[in-house]
Each structure stands twice: as structure tokens, then as C-alpha cells.
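Here is the structure we will look at.
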Amino acid sequence: MSIDLTFIGQIVVFLTLLVLLKKYLYGPLNSLMEQRSAKIAEGLAAADAGKEAKAKADVEIAGQLKEARKKAQEILAAAEKRAAEIQEEITNKARDEAGQIVQAAREEVDAEVNKARMVLRKEVAGIAIAAAERIINAELDGKRHSKLIDDVVAQGFGNA
Amino acid sequence: MAQEEHGAGGIADHLNYWSYKFDDSNPFMQIHLDTMLTTIIVAGLLVGFSIWLSRRLTDGAPSGAQNFMESVVGFVDDTVRDNFPVHNPFIAPLALTVFIFIFLMNCLDIFPAFLSGHIAHLFGLEHYRQVPTNDLNLPAAMAVSVFIMVLYYEFKLKPVHFCKELLLQPFASLLLDAKNPVVKLIGVLLIPLNLILKLVEELAKPLSLSFRLFGNMFAGEVIFLLIAFLLLGGGAVGMATGFFVGLGWSIFHMFIGLLQAFIFMILTVVYLSIAHQPAEH
């Protein structure tokens with residue numbers, strides 16, 4: 001164990017190795033690791049940004065969903081209201097029509113009744129005249145008394 | 001492997017280097033070929049591995065070797081970042097090199113203590129020390145390199161403050177704060193003492209740095225040799241005991257090797273970070 005020329009040789013070996021390792025081992029590895037950590041940091045930032053965007057989109061979607069639900073509710077309510085209206089309209093219309101039909105029927109019946117009444121009146125008048133003629137024929141002039149009888153008949157039916 | 005080969009002399013024998021002497025009279029003028037060869041091979045393999053790895057790097061999900069090296073680089077980066085007041089792109093690669101290189105060197109201790117010697121004998125060599133961190137030259141070379149870097153940054157970043165500290169610490173108050181001219185004179189006279197104290201303080205850094213690593217690894221190897229020498233002789237039982245005791249020590253020694261690599265790295269970072277500390281007044 002003595003210091004000799006090996007010492008000089010070892011300094012040369014050590015410094016050479018230092019230069020070579022810096023160039024071939026440390027340099028490439030270190031720059032690579034820095035590059036990678038930059039890449040990872042970038043990736044993490046991107047992931048964070050993505051997460052944020054997703055949260056934002058989630059909120060937006062929830063809002064839109066809420067709005068859509070509200071709108072659907074409104075549409076449904078409007079439709080129900082309209083349906084009720086239509087139903088009422090139809091009911092009213094049907095009631096009106098029924099009323100009209102009843103009215104028409106009633107009028108028709110009245111007209112029939114009147115018609116029948118007229119026919120009857122005429123027939124009764126004729127019968128009455130015929131009867132009165134027969135009764136009175138002997139003694140009364142048909143023309144003179146027919147007005148009198150018509151009056152009586154009209155009076156009678158008018159009261160009926 | 002006969003018993004009589006081994007003994008107290010055997011351990012010292014195994015602690016010799018395969019060296020080449022340029023000048024027999026001057027002990028400095030020799031070079032440890034085993035240390036040089038091993039470090040160059042390991043460094044070469046490391047660089048080869050790095051080039052191979054750098055070609056197949058992916059910035060997607062890493063796997064296998066890349067994953068492992070990334071965790072090592074990340075660990076070193078964190079250590080540097082925790083200790084450093086300012087950013088210096090040179091420090092982390094330095095710490096990484098120190099850590100990996102020393103760790104790989106220490107790992108060579110996993111091979112049986114006599115193996116490299118026996119292989120060397122096959123090639124006709126007398127000695128071969130397999131763990132270069134056991135050779136004081138390697139820790140010293142790294143520690144001195146680090147020390148020179150520390151001095152470089154001290155002078156580059158805060159030259160005035162560093163020179164002032166060199167000359168005036170720890171007895172600065174005698175010269176700067178005292179009103180009495182006699183005390184001031186004493187302060188001036190103490191400048192050489194300050195310089196010596198500060199130099200000792202500074203020189204202790206590379207010395208402790210290198211000797212800590214060297215001492216730990218050297219002691220580890222000596223203990224391997226001791227285990228081998230003391231237990232290997234007793235037939236099958238001795239072999240088995242030696243194997244298991246050696247295995248236990250190997251595992252523990254691997255831990256020490258990792259720990260020492262880490263300590264060397266973190267002290268390197270700390271010394272350099274002290275040099276980078278902004279001067280306080």
C-alpha cells in the first residue's frame with residue numbers, strides 16, 4: 001500500500017470514466033427522465049382538464065334533463081287541459097244537438113198534432129154540417145146556417 | 001491447495017500487487033498492473049453497458065436494465081438535489097460515477113479470495129489483487145480528484161472569501177474585532193497558525209475520504225484471507241465451515257461495499273456543496 005504511478009493512472013481512468021458516463025449514461029437517462037416527467041405532468045394536467053370538462057358536461061346534462069322534464073310536464077299538462085276542453089266541447093255540442101233533436105221532434109209532434117187537429121176540425125165540421133144538414137135540412141137553409149155552425153165548431157175547438 | 005503454503009507469511013504474500021517497476025530505487029516509479037487492468041476492464045464494461053443502454057432507451061414505460069439504471073440515477077439525483085444549494089449539472093454525473101464505479105469495484109470482492117491469484121498463476125504471474133479499491137491508489141486518486149474539484153469551485157465561486165478563511169480562521173476575531181493594537185498584532189502573528197490549521201482541515205477531507213474506503217475494503221479482504229487460512233485446512237468439515245463463514249462474511253462485506261460506495265458519493269456531494277455554499281459575512 002503505497003502511492004505510486006498507479007495513482008496517476010487511476011486519476012486518468014476515473015476522469016475518463018466520468019466524462020464517458022456523463023455522456024452515455026447520465027446524460028441520456030436524465031434527459032429521458034425529465035422528458036418523461038414532463039410528459040406525465042402533461043398527461044395528468046390533461047386528465048384533470050378532462051375531469052373538469054366532464055363535471056361541467058354532467059352539470060349541463062343535468063340542467064338540460066331537468067328542463068326537458070319540465071317541458072314534457074308542461075306539454076302533458078297542456079294536452080290534458082286540451083283533452084278536457086275537447087271533452088267538454090263535445091259534451092256541450094252533444095247536449096245542444098240532443099236539445100235540438102228533442103226540440104225538432106217536439107215541433108214535429110206539435111205540427112202533426114196541429115195538422116191532425118185541422119183535419120179533425122174539418123172532418124168534424126163536415127160531419128157536423130152533414131149532421132146539421134140532415135137535422136135541419138128539412139127546415140133550414142144550408143147556406144144561411146153554415147156560417148153559424150162553423151163559428152160554433154171553431155169556438156168549440158178553440159177552447160179544446 | 002496444500003496447507004503448508006499458507007500461514008502468516010501467506011497472507012502478506014497474497015497482499016502483494018502485480019506491479020511493474022520503472023525504477024527500482026524509487027518506490028513511486030512503479031505501477032500496479034492488476035489495479036490498472038481491473039479498473040480499465042470494469043470501466044470499459046461500464047461504458048459499453050452505457051452505450052448499449054443508451055441505444056435502447058425508451059421514454060415510455062421503462063423495463064429491465066433501463067428501469068434499474070433509472071432508479072439509480074433518480075436516487076443519485078435526489079441525493080444531489082437534497083444537498084446542493086445551487087444547480088450544477090456536473091455534480092450529479094460525478095456522484096453517479098463515483099457511486100457506480102466504487103460499488104462495482106467493491107463487488108469484485110464476491111469472488112473467492114484466492115481465485116484471482118490462482119488464475120494469475122496459470123498465466124505465470126506472481127500476484128494479482130482482484131479488488132482495486134483495496135489499492136490505496138484508487139481511493140486516493142478519486143479523493144484527490146474530488147478535492148481538486150472542491151478547490152476549483154472554492155476559488156471560482158468565492159475566491160476572496162476562501163483566501164480570507166484560509167488566513168484568518170479560526171482566530172479571526174483577534175485581528176478583525178479587537179481594538180487593542182497588541183491583540184491585533186497577536187492576530188497578525190497567528191496568521192501562519194491559521195493557515196496551518198485550515199490546511200490540515202482541508203487536507204483531512206481527501207485523506208479521510210480515501211482512507212475510509214481503502215481501510216474498509218482492505219480489512220474486508222484481510223478477513224477473507226484469514227477465514228480461508230484459519231479454516232480451510234481441516235478436511236471436509238473445515239472446507240464446509242470455511243465456505244459458510246466465508247459466505248456470511250461475503251454477504252456482510254457486500255453490504256459494506258455498498259455502504260462505502262454510498263458514503264464516498266455523499267461525502268463527495270457534501271464537500272462540493274460546501275464549496276458551493278454562498279459566502280456568509
Side-chain angles (χ1 to χ4, degrees), chain A residues 1-70, chain B residues 15 17 19-22 26-33 35-36 39-40 42-44 46-55 57-62 66 69-70 72-74 76-77 89-90 92-94 96-98 100-101 132 134-142 144-145 148 214 218:
Chain A
M1 61 157 146
S2 58
I3 296 292
D4 49 36
L5 281 180
T6 320
F7 174 72
I8 312 290
Q10 285 305 319
I11 290 184
V12 174
V13 169
F14 173 59
L15 294 181
T16 314
L17 183 67
L18 174 58
V19 170
L20 290 178
L21 281 193
K22 183 175 181 337
K23 187 169 175 199
Y24 290 114
L25 186 66
Y26 183 82
L29 269 179
N30 198 50
S31 62
L32 191 79
M33 284 159 76
E34 273 167 11
Q35 219 171 302
R36 182 184 303 131
S37 36
K39 205 164 137 189
I40 288 173
E42 209 171 274
L44 286 180
D48 275 350
K51 219 177 263 171
E52 210 168 280
K54 187 184 173 287
K56 218 168 153 188
D58 276 350
V59 169
E60 206 168 293
I61 286 171
Q64 279 179 357
L65 208 63
K66 206 173 157 191
E67 206 170 298
R69 210 166 272 155
K70 204 173 140 199
Chain B
L15 292 177
Y17 296 100
S19 52
Y20 180 82
K21 291 183 167 61
F22 294 97
N26 187 351
F28 185 78
M29 292 303 287
Q30 60 169 346
I31 190 159
H32 295 164
L33 294 173
T35 306
M36 290 306 296
T39 48
I40 288 171
V42 171
L46 192 54
V47 171
F49 167 76
S50 305
I51 293 173
W52 171 78
L53 186 68
S54 66
R55 291 232 173 103
L57 288 178
T58 161
D59 68 342
Q66 187 190 344
M69 286 318 295
E70 275 190 13
V72 174
V73 169
V76 172
D77 268 350
F90 177 69
L94 172 68
L96 183 76
T97 307
V98 165
I100 296 183
F101 193 44
N134 289 347
D135 186 346
L136 182 58
N137 287 300
L138 168 61
M142 296 179 84
V144 168
S145 306
I148 290 171
F214 164 70
F218 186 76

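Residue numbering restarts at 1 for every chain, and letters A, B, ... go by the order of the sequence lines. Scope of the values below: all heavy atoms of this structure, side chains included, with no hydrogens, waters or symmetry mates.
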(request) Would you mind checking which part of Leu53(B) comes under 4.5 Å of any heavy atom in chain A, side chain (CB onward), backbone (N, CA, C, O), both or neither? (result) side chain

(request) Considering non-hydrogen atoms only, spot the tightest contact between Val98(B) and Phe14(A) and give its length. (result) CG2-CZ, 3.7 Å

(request) Could you have a look at Ala141(B), Ala140(B), Ser145(B) and say which one has the most heavy-atom pairs with chain A under 4.5 angstrom? (result) Ala141(B)

(request) Determine the minimum heavy-atom distance between Val76(B) and Ala92(B), stating which atoms define it. (result) CG1-O, 3.7 Å

(request) Please state whether the side chain, the backbone, both or neither of Leu96(B) comes within less than 4.5 Å of a heavy atom of chain A. (result) side chain

(request) Check Thr39(B) against Val13(A) and note the closest heavy-atom contact, atom names and distance. (result) CB-CG1, 4.2 Å

(message) Under a plain distance cut-off of 3.5 Å, with no hydrogens placed, do Thr35(B) and Gln10(A) share a side-chain donor-acceptor pair?
(response) no

(message) If the contact rule is any heavy atom under 4.5 Å from chain B, which residues of residues 18-40 of chain A qualify, in numerical order?
(response) Leu18(A), Leu20(A), Leu21(A), Lys22(A), Tyr24(A), Leu25(A), Tyr26(A), Pro28(A), Leu29(A), Asn30(A), Leu32(A), Met33(A), Gln35(A), Arg36(A), Lys39(A)

(request) Sort Ile100(B) into side chain, backbone, both or neither according to what part of it lies under 4.5 angstrom from a heavy atom of chain A. (result) side chain

(request) Indicate the ring-plane relationship of Tyr20(B) and Phe22(B), choosing parallel, tilted or perpendicular according to the 30° and 60° boundaries. (result) perpendicular

(request) Measure the CG-CG distance between Leu94(B) and Leu15(A) for me, rounded to the nearest 0.5 Å. (result) 9.0 Å

(request) Would you mind telling me which of Val144(B), Ile40(B), Val72(B), Ile51(B) has the largest number of heavy-atom pairs within less than 4.5 Å of chain A? (result) Ile51(B)

(message) Can you give me the closest heavy-atom contact between Asn134(B) and Phe214(B), atom names plus distance?
(response) O-CE1, 2.7 Å

(request) Measure across Tyr17(B) and Asp135(B) and return the closest heavy-atom pair with its distance rounded to 0.1 Å. (result) OH-CA, 3.2 Å

